[in-house]
Amino acid sequence: MVFAVMLVLLLLAGLLQDLSPGVVWLGQIKVPLLFAVALYYAVAHDRTAMLVSAVVAGLIQDSGSLVPIGYSSLCFCVVGLGIHRFRGLILPRAVLTAL
């Protein structure tokens, strides 16, 4: 059940990220929704769910850009493992964490 919800969230985040316009004051970059979903799984779920979400989010990210396939997955996994390691120090319900 967790992985089905994860897949739907990742597909919706990828679609929204791809179709949303770039933010002008950030140099026309798009909001990193796929990375946000991967970080949510790093904070709120176990390591397996975090790694699966990071790999799938990275593959979706790379398939829509000119970056070689697998590069974003590696970066998402490294950052996710770091956040997952220190998630006890993060307050998941705090406004600052959500920002």
Side-chain angles (χ1 to χ4, degrees):
M1 182 69 180
V2 173
F3 293 109
V5 173
M6 176 195 312
L7 184 62
V8 170
L9 280 175
L10 287 171
L11 290 175
L12 285 175
L15 184 66
L16 285 173
Q17 182 174 325
D18 192 41
L19 295 177
S20 67
V23 180
V24 174
W25 54 274
L26 288 177
Q28 296 296 330
I29 64 167
K30 298 189 180 205
V31 178
L33 297 174
L34 287 167
F35 187 58
V37 171
L39 291 184
Y40 163 73
Y41 277 93
V43 171
H45 294 281
D46 62 343
R47 182 177 290 164
T48 304
M50 182 273 304
L51 287 173
V52 169
S53 70
V55 168
V56 173
L59 290 175
I60 294 171
Q61 173 91 21
D62 291 342
S63 67
S65 66
L66 297 175
V67 177
I69 298 291
Y71 182 76
S72 295
S73 295
L74 177 68
C75 295
F76 288 178
C77 284
V78 168
V79 173
L81 284 171
I83 289 178
H84 184 75
R85 168 79 170 94
F86 296 108
R87 71 179 177 169
L89 302 174
I90 298 172
L91 301 172
R93 306 238 188 265
V95 175
L96 185 61
T97 304
L99 292 175

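Remember, it's a predicted structure, so these values are computed and weren't measured experimentally. The first residue in the sequence is number 1, and the count goes up from there.
- Ser73 and Val55 make their closest contact through OG-O, 3.0 Å (heavy atoms, listed as atom of the first residue, atom of the second, distance).
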Stepwise side chain to side chain contact (heavy atoms under 4.5 Å, CB included) test for Leu81 and Leu51
CA-CA 8 Å; Leu81 284 171; Leu51 287 173; 4.1 Å; yes
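- One distance of note links CG of Leu59 with OG of Ser72; it measures 9.0 Å at 0.5 Å rounding.
- In the displayed structure, Phe3 atom CZ is contacted under 6.0 Å by more than 12 heavy atoms of other residues, nucleotides or ligands.
- Between Phe35 and Phe76, the ring-plane angle classifies as tilted under the 30° and 60° cut-offs.
- Judged by distance alone, the side chain of Asp18 and the main-chain N or O of Gly64 form no donor-acceptor pair under 3.5 Å.
- For His84 and Tyr41, the distance between ring centers is not under 6.0 angstrom.
- Put simply, CG on Leu11 and CE on Met6 are 11.5 Å apart, with the number rounded to the nearest 0.5 Å.
- Residue Trp25 is grouped with residue Ile29 when hydrophobic side chains (ILVMFWY) are merged at heavy-atom distances under 4.5 angstrom, including chains of intermediate members.
- Of the inter-residue distances, the one linking Leu33 atom CG with Lys30 atom NZ reads 10.5 Å to the nearest 0.5 angstrom.
- Leu10 approaches Leu34 most closely through the heavy-atom pair O-CD2, 3.4 Å.
- Ser65 contributes atom OG, which lies 9.5 Å from atom CD of Gln17 (distance to the nearest 0.5 angstrom).
- Between the side chain of Arg87 and the main chain of His45, a donor-acceptor pair closer than 3.5 Å is present.
- Rounding to the nearest 0.5 Å gives a distance of 11.5 Å between SG of Cys77 and CZ of Arg47.
- When each of Leu9, Val2, Leu7, Val8 is tested with Val5 by the rule side-chain contact (heavy atoms from CB on, under 4.5 Å), just one qualifies, namely Leu9.
- To the nearest 0.5 Å, the span separating CD1 on Ile83 from CE on Met50 amounts to 9.5 Å.
- Hydrophobic clustering of Ile, Leu, Val, Met, Phe, Trp and Tyr side chains at less than 4.5 Å, counting indirect connections, unites Tyr40 with Met1.
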